Amino acid sequence: MTAIPDRKRFEPSEVEPRITRAWLDAGLHHPQPQGTAAENYAIAIPPPNVTGALHMGHALNGAIQDTLVRWQRMHGRRAKWILGTDHAGIATQTQVEKLLKTEGTSREEVGRDEFTRRVWEWREKYGGTIVGQFERLGATCDYDDERFTLDEQYVQAVLKVFVDLYDQGLIYRDLYMVNWDPGSGSAISDLEVEDREVTDTLYSIAYPLTDGSGEVVVATVRPETMLADTAVAVHPEDERFKHLIGKTVKLPLTDRELTIIGDDYVKMDFGTGCLKITPGHDPNDFEIGRRHQLEELTAIGEDGRIVEDLGGPYAGLKALEAREAMVADLRTQGLVREEEPYTHTVPFSHRSGERIEPLISLQWFMRMDELAAPAIQVVKDGRVRIHPETQSRRYVDWLENIRPWCISRQLWWGHQIPVWYRDQETHVGLTPPEGEGWERDPDVLDTWFSSALWPFATLGWPDETPELQAFYPTDVLSTARDILFLWVARMVMMGLRFTGDVPFSDVYIHSVIQAPDGRRMSKSLGTGINPLDLIEGGPRPPVFAKKEGEHPGEFPAYGADAVRFGLLAMSSTQDVRFSEERVQQGQQLTNKLFNATRFVLSKVGEAPAEHPPAPLTLEDRWILSRLTAFQEQTDEHLRAFDFSKAALGLYDFVYAELCDWYLELIKAREVDEDLAALLAHVLRTTLATAHPFIPFVTEDLWGSVPGADALLAAAEAPAADLARRDPEADAGIEAVIAAVQAVRAWRDGAAVKPGAFLPARLRADLPAGADILIARLARLEWTAEGEPAAAVSVPGGLVEILASDAVDPAAEAAKRDARIAELRKEIARADGKLGNAGFVAKAPEAVVAAEREKLERLRTELAELEQG
RNA sequence: GGGCGCGUAGCUCAGUUGGCUAGAGCACCUCGUUUACACCGAGGGAGUCGGGGGUUCGAGUCCCUCCGCGCCCACCA
């Protein structure tokens, strides 16, 4: 037991490093792989990118997961928070490419092997940053067992999954339209594409009929793709054009002829009603092309330039340059009928930010329908529960409409696809084929392919390891909404397929924390905060200025507890705006606990560590009752993933019930052994219950509390003692509080000296012992002598303030009249309600009775006042 | 175009299956050097619950409609 430092404030910066050390030394973050997954508790961290630095989302999610893990650990479960990082293909490769550029070289120049070596080197250097930042938050991840999605063992798991799925016919290679990202020089999946609104020019271009009988006019925003047109389509029912079906047109700028086809995809009322069909460069046209067995031509290559064989004079131009040149030529030929600005949504790469170029290319795909069905089932039958519930609908909808997943990426950083080619032969396997002349597929797998195996590949799968035995399936997966499909759904599918079990039983989708103005937190917008700046102090970005226009100043060093508390308190089932006040509230809470502990310790000395004795007084019974309720509610809120309520409930208990009332109520009491033991018990239980939320301050204080040995983080949380629930004491102290508040309000209004004890008479029906407490906190002195000068309504009656210098009769009369008016109004309301035959007849009896009781109470109070 | 969600005090948000005089934190005002805490305590003002309509004895809560905002999904050139 160590003495609490003699200061008036909790100083996180002094405490946190020491406590972190103690936790790490104790090794509580690293449970032995024993027992079964059912009796143990596990959370797999959403692996941050190795390139990443901690942002608000990590901090919030870190606070959530650590709260859960600590809570379960303190309830006796072997708890493992699986830690690791993701190799993050595109993001990491881009970083290192940038680095190479500063060195005046490039990926292509150094070659694949050297490039990969450089990425590893880079990873060794910067990859640890984010893990250290989690430690700073107080996160008790399993630092002794850190994984990386490119660890040798993990690679083996990924390759095995690929080979198995290939053998089972779910993975195949196909020539198909993909989202080509010119930024990364790779295909990307549908989920990595985001739509942005763009204003383009919509060109109407005339295609002359070959029989010279006229022309059809098509509308397009991408004239440069016309070199790959293979048809013109009209709606088969379109009276204007249906007679043209089967005829041909001459494709301008070329010598080719296109057939006019009918397809009901074409909207008659949009554009010109004629649609140029370019299967090689538009996903819809691709579908139409396959329906009509059209040729699939490529006009724009993977480098974003017009290709040689179709390009003619435009070959080698970038797509946009080609557009200008072609439109100019079309104008010269008089074929541009109309040009108008046109705003529409266009796909962009989520990663590189460049406009997607739909291209046909040879890629690896995974068929998803067969995997999706069981993943839908487990959510429908509750084996996987998604919180909040509304998200499960999104999950199911997406899976029910799932499409093949393009899993190959034209990158060098990642899991290289285990496929080798030699002439017409293909070898798919965990090891290279025998013989000469084989060449391995240069592509790597989509990063999410390996992420999908995270909950079991981190535990050693496919080997039947003790870790897998002890911690799979995991319990909770906590993440942001945007990767429900990218990651969560795929983990469920892969988990079911390869382990035969769900990867986790609960998915918690947390809020996204936005800037105070409602924008996304983002570094480039200047709307982001580095959580470490909140913890340790740092610049406050302008959008976070306390008052608009004022200099934003600096964040004070709030400390990790305050930040954790603040983030949990502001979180919700939907997106929320960042609120520095909540963090401040957390800081105040840590300080309050610190001082409350100092106070209690000054009272209890070496209190016995035993259970509290039978409580002696009304307030003792009350605080034990409230403490029990607090424990129960905290558990309940955590079980429901309601972190905000849990955090705010903690604040309320500590501030209101414990400090404002209980500690004030006992201040004047002599602290005997019983009271000391009780105080120590209440303090220990409070610290233990609060610990998962604000681990540093509670751990620090725990070291000074009698009867609390070793580390709080490793201690067993005291179970809520239901026998201590005491409705009678609850009601009793509630009445005391109401009475004290009423008298205080009266005193304040009457400008009575705050320190003065006023003579008064209690004419109210209150539980035994209440009178002493009221007198103590409201500064009254009960006496039989004296004339009443003022009356204060309290539960069960009133307090008569007796005449003294402190009371001004005129002011009293005015206040009494005001209260009488208020009462009359409320009585009229209640009277009207009870006079309503419908109400009395149809409302539940209890409601009617309560209303009657209330009316009675008000009438009594009115009578008392009018009489006085 | 579909789907989900939101609009409650100056700000950020709670308000369980409709039912005590609609709440909290912060901000604001007043008072207080009561030895745990001024990063504190006590007290106070402040809301046509986005608008309109409906169901009901009773609506912040349920239904319809309109307005404003956010997110997700979707192939209109």
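Chain A is the first sequence line, chain B the second, and so forth, proteins listed ahead of strands; every chain is numbered from 1. Keep in mind that this is a model prediction, so the values were computed, not measured.
Contact check for Thr479(A) versus Val488(A): side-chain heavy atoms found under the 4.5 Å cut-off.
Heavy atoms of Tyr265(A) sit under 4.0 angstrom from at least one base atom. Within the nucleic acid shown, Val576(A) comes within 4.0 Å of sugar-phosphate atoms alone, with no base atom in reach, counting heavy atoms only. As judged by a 4.0 angstrom heavy-atom cut-off over every strand, Arg9(A) is placed among the base-contacting residues. No contact: Cys274(A) has no heavy atom under 4.0 Å from any strand.
Between G41(B) and Lys592(A), a contact under 4.0 Å exists linking OP1 or OP2 to a side-chain N or O. Considering only side-chain N and O atoms, Thr390(A) lies nowhere under 4.0 angstrom from the phosphate OP1 or OP2 of C72(B).
A donor and an acceptor atom, one from each side chain of Asn284(A) and Tyr265(A), are located under 3.5 Å apart. For the residue pair Asp263(A)/His292(A), the side-chain donor-acceptor check at 3.5 Å is satisfied.
Side chain Lys645(A) to base A14(B): no donor-acceptor pair is found below 3.5 Å. Under 3.5 Å, the side chain of Lys8(A) and the base of C37(B) form no donor-acceptor pair of N or O atoms. In terms of polar N and O atoms assigned as donor or acceptor, the side chain of Glu664(A) comes within less than 3.5 Å of the base of A36(B) in a complementary pairing.
Checking G58(B) for Watson-Crick or G-U wobble geometry (two distances, each under 3.5 Å) identifies no partner in any strand.
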